[in-house]
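Only this structure's heavy atoms are used, side chains among them; waters, hydrogens and symmetry mates stay out. Values in this document were obtained by computation on a predicted structure and should not be read as measured data.
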Amino acid sequence: MSRILFSGMVLITMANLSQAADPVFNDVVLGIHGGIGVDKKDMTPELEKDVRAGLRSALEAGHAKLKGGGTSLDAVEAAIRVMEDLPVFNAGKGAVFTNAGTNELDASIMEGKTKKAGAVAGVMTVKNPISGARAVMEKSKHVLLIGPGADAFAKQQGLEIVPPSYFSTEHRRKAIEEIWKREEEAKKRRSEAGDIPLELPKKKSEYGTVGAVSLDSAGNLAAGTSTGGMTNKMAGRVGDSPIIGAGTYADNDAAAISCTGHGEFFIRYSVSHEIVAQIKYRAVTAAAAADDVINRQLKDAGGEGAAIVLDRTGKFTSAYNSEGLYRGCITRDGKIHVHVYED
Ligand code: ASP
């Protein structure tokens with residue numbers, strides 16, 4: 001297909017889209033996100049360059065798997081592993097810190113054909129938690145393993161194990177130290193002003209996660225998500241990313257979904273399953289379902305976040321109620337689209 005004809009098709013699709021927050025791209029085999037990211041005012045040219053380059057290499061890695069005859073699960077795992085290894089994303093190396101100064105990682109993966117799923121939560125030594133999640137799915141009789149048990153299982157499965165300090169990076173360390181400082185100052189102000197509750201300022205760097213959705217040539221969907229969670233989360237806190245039906249879901253009859261945002265809301269609203277359920281039972285498009293859940297239900301509840309959606313026909317879209325979302329997709333013939341804000 002000629003380039004001009006292809007771009008024309010994308011434009012027509014975008015123009016026809018009325019309900020979604022974002023364009024719909026056709027013939028997509030892999031879509032990814034790298035979290036909500038930072039507000040425009042905090043974005044720097046270097047950061048944007050790193051984010052875009054990271055998204056591109058993740059898309060290329062996943063696409064290479066599919067081209068080599070791999071499954072959607074292979075593509076999801078490969079794309080997420082690339083982002084886990086890049087400190088610019090909040091997953092694997094570069095994960096955010098807990099309130100105890102640890103890096104505790106969550107991940108999950110799901111296959112749309114069999115509804116098999118695997119997840120790990122609170123792991124501290126598995127270099128690529130998404131591979132830990134896949135091992136739980138394929139090599140154990142469980143869906144979710146947590147903490148030291150999950151770390152031990154990953155080791156036993158021969159996955160790469162690293163010391164906990166591997167995940168720590170300078171910029172995440174600085175972010176947590178700033179929050180601790182603000183907390184201390186707020187505590188001081190509170191004691192000076194009696195018991196007036198003082199809200200801590202919210203900073204976008206507290207969010208960010210990676211995820212992927214894929215459709216292979218056999219028509220099978222898969223989804224996966226990996227994160228360090230939210231900055232300053234309580235040690236032991238588990239977010240939505242390893243929860244099937246909240247941060248991740250795949251169903252061959254509807255779509256594959258990966259989410260990012262304030263995890264507590266995504267768990268309470270069963271976001272990824274809710275999107276799939278709307279597609280199946282309300283017979284709405286994937287774009288309309290994602291828009292309803294993210295831009296109406298979650299927004300009304302005060303839950304900030306986003307979802308990427310790939311439906312069973314290869315239509316990819318995303319919905320976000322934040323200022324931006326690091327996201328991208330690659331079509332069957334290898335055309336890459338990468339976006340950070342509404343661009
Ligand atoms: N959803 C993740 C969590 O709550 C965080 C994120 O997406 O940035 O753990």
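A donor-acceptor contact under 3.5 angstrom links the side chains of H33 and S258, judged on distance only. In this model, no donor atom of one side chain and acceptor atom of the other lie less than 3.5 Å apart for S108 and T225. With hydrogens and angles left out, the side-chain atoms of N220 and K113 include no donor and acceptor closer than 3.5 Å. For the residue pair T125 / D151, a side-chain donor-acceptor distance below 3.5 Å is found, with atom types taken as modelled. Side-chain contact of E60 with S57: a donor-acceptor pair under 3.5 Å is absent, judged by distance alone. A donor atom on one side chain and an acceptor atom on the other are not found under 3.5 Å apart for E304 and N321. A side-chain donor-acceptor contact under 3.5 Å links R81 and S131. Inspection of the E183 and N99 side chains reveals no N or O donor paired with an N or O acceptor under 3.5 Å.
Panel note: side chain R312, backbone A254; no donor-acceptor pair is recorded below 3.5 Å. Using modelled atom types, no side-chain atom of D251 and backbone atom of A255 make a donor-acceptor pair closer than 3.5 Å. Side-chain N or O atoms of R327 include one that pairs as donor or acceptor with a backbone N or O of L325 at under 3.5 Å. A donor-acceptor pair is defined here as one N or O able to donate and one able to accept, closer than 3.5 Å; no such pair exists between the side chain of S270 and the backbone of E274. In this structure, the side chain of D39 does not engage the main chain of K41 through any donor-acceptor pair within 3.5 Å. A donor-acceptor pair under 3.5 Å is absent between the side-chain atoms of D240 and the main chain of F266, judged by distance alone. No donor-acceptor pair under 3.5 Å is formed between the side chain of D216 and the backbone N or O of T71. For the pair E84 (side chain) and I130 (backbone), a donor-acceptor distance under 3.5 Å is present. Put simply, the side chain of S214 gets close to the backbone of V29: a donor and an acceptor are under 3.5 Å apart. Not a single donor-acceptor pair under 3.5 Å links the side chain of T227 to the backbone N or O of A91.
Taking the ring centroids of H337 and F25, they lie under the 6.0 Å cut-off.
Between V136 and V143, the closest side-chain pair of non-hydrogen atoms is not below 4.5 Å. Counting heavy atoms from C-beta outward, Y320 and E342 have side chains that approach closer than 4.5 Å. Put simply, the side chain of S318 does not reach to within 4.5 Å of the side chain of V309, judged on heavy atoms. Counting only heavy atoms from C-beta outward, the side chains of C259 and Y249 never approach each other to under 4.5 Å. No side-chain heavy atom of K127 sits less than 4.5 Å from a side-chain heavy atom of I161. Side-chain atoms of R172 and T231, non-hydrogen and from C-beta on, never get closer than 4.5 Å to each other. Within the 4.5 Å cutoff, side-chain heavy atoms of I176 are placed close to those of N232. Contact check for Q278 versus V293: side-chain heavy atoms found under the 4.5 Å cut-off.
Ion pairing between a basic and an acidic side chain is recognised when a charged N comes within 4.0 Å of a carboxylate O; R237 and E264 show such pairing. For R52 and E48, the salt-bridge test passes: some basic side-chain N is under 4.0 Å from an acidic carboxylate O. A salt bridge links R296 to D292: at least one charged side-chain nitrogen sits closer than 4.0 Å to a carboxylate oxygen. Of the charged side-chain nitrogens involved, none lies within less than 4.0 Å of a carboxylate oxygen, so that K299 and D291 do not count as a salt-bridged pair. Salt bridge K181/E184: absent, no basic N to carboxylate O contact under 4.0 Å. A salt bridge does not link K93 to D85: none of the charged side-chain nitrogens sits closer than 4.0 Å to a carboxylate oxygen.
Separation of atoms CD1 (I257) and OG1 (T248) is listed at 10.0 Å; rounding is to 0.5 Å. Here the straight-line distance linking atom CG of L55 with atom OH of Y326 works out to 9.0 Å at 0.5 Å rounding. To the nearest 0.5 Å, atoms CE (M124) and OG1 (T102) are separated by 4.5 Å. The distance from the CE atom of M137 to the CD atom of E111 is 5.0 Å, given to the nearest 0.5 Å. In this structure, CD1 on I80 lies 6.5 Å from CD1 on I109, to the nearest 0.5 angstrom. The distance from the CG atom of L30 to the SG atom of C329 is 8.5 Å, given to the nearest 0.5 Å.
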Exercise. Apply the test salt bridge (charged side-chain N to carboxylate O under 4.0 Å, His left out) to residues R134 and E138: give CA-CA distance (whole Å), side-chain angles for both, the deciding distance (0.1 Å), then the verdict.
Key: CA-CA 6 Å; R134 187 166 180 182; E138 291 176 340; 3.1 Å; yes

Exercise. Report the C-alpha distance between F167 and L105 in whole Å, list the side-chain angles of each, state the deciding distance to 0.1 Å, and finish with yes or no for side-chain contact (heavy atoms from CB on, under 4.5 Å).
Key: CA-CA 9 Å; F167 299 105; L105 312 162; 3.3 Å; yes

Quiz prompt | Y341 vs K40, side-chain contact (heavy atoms from CB on, under 4.5 Å): CA-CA, chis, key distance, verdict | solution = CA-CA 8 Å; Y341 298 106; K40 276 186 191 156; 3.6 Å; yes

Quiz item: side-chain contact (heavy atoms from CB on, under 4.5 Å) between L298 and Y269: does it pass, once the steps are laid out?
Solution: CA-CA 8 Å; L298 273 203; Y269 283 77; 3.9 Å; yes

Self-check item: Audit row: L159, N128, side-chain contact (heavy atoms from CB on, under 4.5 Å) steps and yes/no
Solution: CA-CA 8 Å; L159 298 184; N128 291 104; over 6 Å; no

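What you find for G263 and M230 is that their closest heavy atoms are N-SD, 3.9 Å. When all heavy atoms of A58 and I32 are compared, the closest pair comes out as CB-CD1, 3.8 Å. Looking at every heavy atom in both residues, L310 comes nearest to V28 through CD1-O, 3.7 Å. Taking every heavy atom of both residues into account, A150 and V123 meet most closely at CB-CG1, 3.5 Å. Between K65 and D74, the shortest heavy-atom distance links the atoms CG-O, 3.9 Å. The nearest pair of heavy atoms linking T209 to S226 is CG2-O, 3.3 Å.
Hydrophobic clustering of Ile, Leu, Val, Met, Phe, Trp and Tyr side chains at less than 4.5 Å, counting indirect connections, keeps V88 apart from Y166. Criterion: ILVMFWY side-chain heavy atoms under 4.5 Å apart, direct or through other members. Under it, I243 and L145 are not part of a common hydrophobic cluster. Hydrophobic clustering of Ile, Leu, Val, Met, Phe, Trp and Tyr side chains at less than 4.5 Å, counting indirect connections, unites V51 with M83.
For K115, the NZ atom counts as densely surrounded, since its 6.0 Å shell holds more than 12 non-hydrogen atoms of other residues, nucleotides or ligands. Under a cut-off of 6.0 angstrom, the local environment of CD1 in I146 is sparse, with at most 12 non-hydrogen atoms contributed by other residues, nucleotides or ligands.
Note: F265 and H262 have perpendicular aromatic rings, judged against thresholds of 30 and 60 degrees for the angle between ring planes.
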